[in-house]
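Counting starts at 1 for both ligands and their atoms, following the listed order.
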Amino acid sequence: MQTTPHNEARRGDYAETVLLAGDPQRSEWIAATFLDGVRCVNRVRGALGYTGRFRGVPISVQTTGIGAPSMAIYAHELLDTYRARTLIRVGTCGGLADHVKLRSLVISQSSSNDGAVNGQLFGFYNYAPSADFGLLQRAAQRAIELGLDHHIGQTASSDVFYHPDVLGRFAGVRAHGALAVDMETSLLYTVAARFRAKALSICTVVDSLVTEEQTETSERQELFTDMVRLALEVAVPAEPATPRR
Ligand SMILES: O=P(O)(O)O[C@H]1O[C@H](CO)[C@@H](O)[C@H]1O
Ligand SMILES: O=c1cc[nH]c(=O)[nH]1
């Protein structure tokens, strides 16, 4: 019997820290490229999940599919059933600000949304889904040290991918500084907060809603190397070198 309706892994199969990728091919590539001693722990619905080691520390990667409800299910089950404590999204996003160029990284400090969840969970309040400060701080520091082309700030998450008013519908959040849009970061931050867990979203800009430029899907796995490196640096910081006496 499966452990949850969406996952066949047993308790203990996932590490405390899980990278979250929308696309199962990205999960497979991350596991094969960056982790040692990898085993597949979930194949249900093709939402591939893997556990291996990075710098000797157990790390998992889980596919979350497309959209907030799908993210919410996988994040909830990882935190509740599998006792994960840190979730780091390694996703893709579309640039909303003029200075956010293709292939750069967007590290989301907070994420507005157009979904129904705020109303259902928070009633009158406009909840502010936010990254874990410690993870955000570490990501900011390592991104600079590694010389990565990155932006840190607020983002938006939308339930609508195809919209007739491509950019105009984001006028409000753009006017207030939103850097990029994806579909899952906002609800990831909300679910993590519910479990008092840590979450961070790092996305690679694969298209710009401002210039309407796009990256090729064929270049995408290599494109994600910087994002995954950064996520793993945040998850498992290198031991500082022992000072010489
Ligand atoms: O590439 P992923 O991680 O799936 O993220 C983005 O890509 C999908 C849309 O193409 C949405 O899930 C969006 O958030
Ligand atoms: O959600 C997303 C992801 C990438 N690009 C977009 O325009 N939207």
I need the atoms of ligand 2 closer than 4.0 Å to a non-hydrogen atom of [X], numbered in the order shown.
| X | value |
| --- | --- |
| Val181 | 1 (O), 2 (C), 3 (C), 8 (N) |
| Asp207 | 4 (C), 5 (N), 6 (C), 7 (O) |
| Leu209 | 7 (O) |
| Met183 | 1 (O) |

Atom pairs, nitrogen or oxygen, ligand 1 to protein, under 3.5 angstrom:
unit_1: ligand 1; atom_1: 1 (O); unit_2: Arg26; atom_2: NH1; d: 3.4
unit_1: ligand 1; atom_1: 1 (O); unit_2: Arg26; atom_2: NH2; d: 2.6
unit_1: ligand 1; atom_1: 1 (O); unit_2: Thr92; atom_2: OG1; d: 2.7
unit_1: ligand 1; atom_1: 3 (O); unit_2: Gly22; atom_2: N; d: 3.3
unit_1: ligand 1; atom_1: 3 (O); unit_2: Arg26; atom_2: NH1; d: 2.9
unit_1: ligand 1; atom_1: 3 (O); unit_2: Arg89; atom_2: NH1; d: 2.8
unit_1: ligand 1; atom_1: 3 (O); unit_2: Arg89; atom_2: NH2; d: 3.4
unit_1: ligand 1; atom_1: 5 (O); unit_2: Arg89; atom_2: NH2; d: 2.9
unit_1: ligand 1; atom_1: 5 (O); unit_2: Thr92; atom_2: O; d: 3.4
unit_1: ligand 1; atom_1: 5 (O); unit_2: Thr92; atom_2: OG1; d: 3.3
unit_1: ligand 1; atom_1: 7 (O); unit_2: Thr92; atom_2: OG1; d: 3.2
unit_1: ligand 1; atom_1: 12 (O); unit_2: Glu184; atom_2: OE1; d: 3.4
unit_1: ligand 1; atom_1: 12 (O); unit_2: Glu184; atom_2: OE2; d: 2.5
unit_1: ligand 1; atom_1: 14 (O); unit_2: Arg89; atom_2: NH2; d: 3.2
unit_1: ligand 1; atom_1: 14 (O); unit_2: Met183; atom_2: N; d: 2.9
unit_1: ligand 1; atom_1: 14 (O); unit_2: Glu184; atom_2: OE1; d: 2.5
unit_1: ligand 1; atom_1: 14 (O); unit_2: Glu184; atom_2: OE2; d: 3.4

Considering all heavy atoms of both residues, which atom of Ser60 and which atom of Ala15 are nearest to each other, and what is their separation? OG-N, 2.8 Å
Would you sort out whether Gln137 and Gln141 count as a side chain to side chain donor-acceptor pair (under 3.5 Å), showing the intermediate values? CA-CA 6 Å; Gln137 193 177 34; Gln141 187 184 334; over 6 Å; no
Do Val90 and Leu20 have side chains that get closer than 4.5 Å, going by heavy atoms? no
Measure up the Phe122 and Tyr127 rings against each other and bin them: parallel (under 30°), tilted (30 to 60°), perpendicular (over 60°). parallel
Do Asn113 and Ser157 get their side chains close enough for a donor-acceptor pair, meaning under 3.5 Å? no
Residue that, paired with Tyr14, satisfies side-chain hydrogen bond (donor to acceptor under 3.5 Å, both in side chains) out of Thr51, Thr81, Asn7: Asn7
When you measure from the side chain of Asp114 to the backbone of Asp159, do you find a donor-acceptor pair of N or O atoms at a distance under 3.5 Å? yes
Rounded to the nearest 0.5 angstrom, the CG-OG distance for Leu167 and Ser208 is 8.0 Å
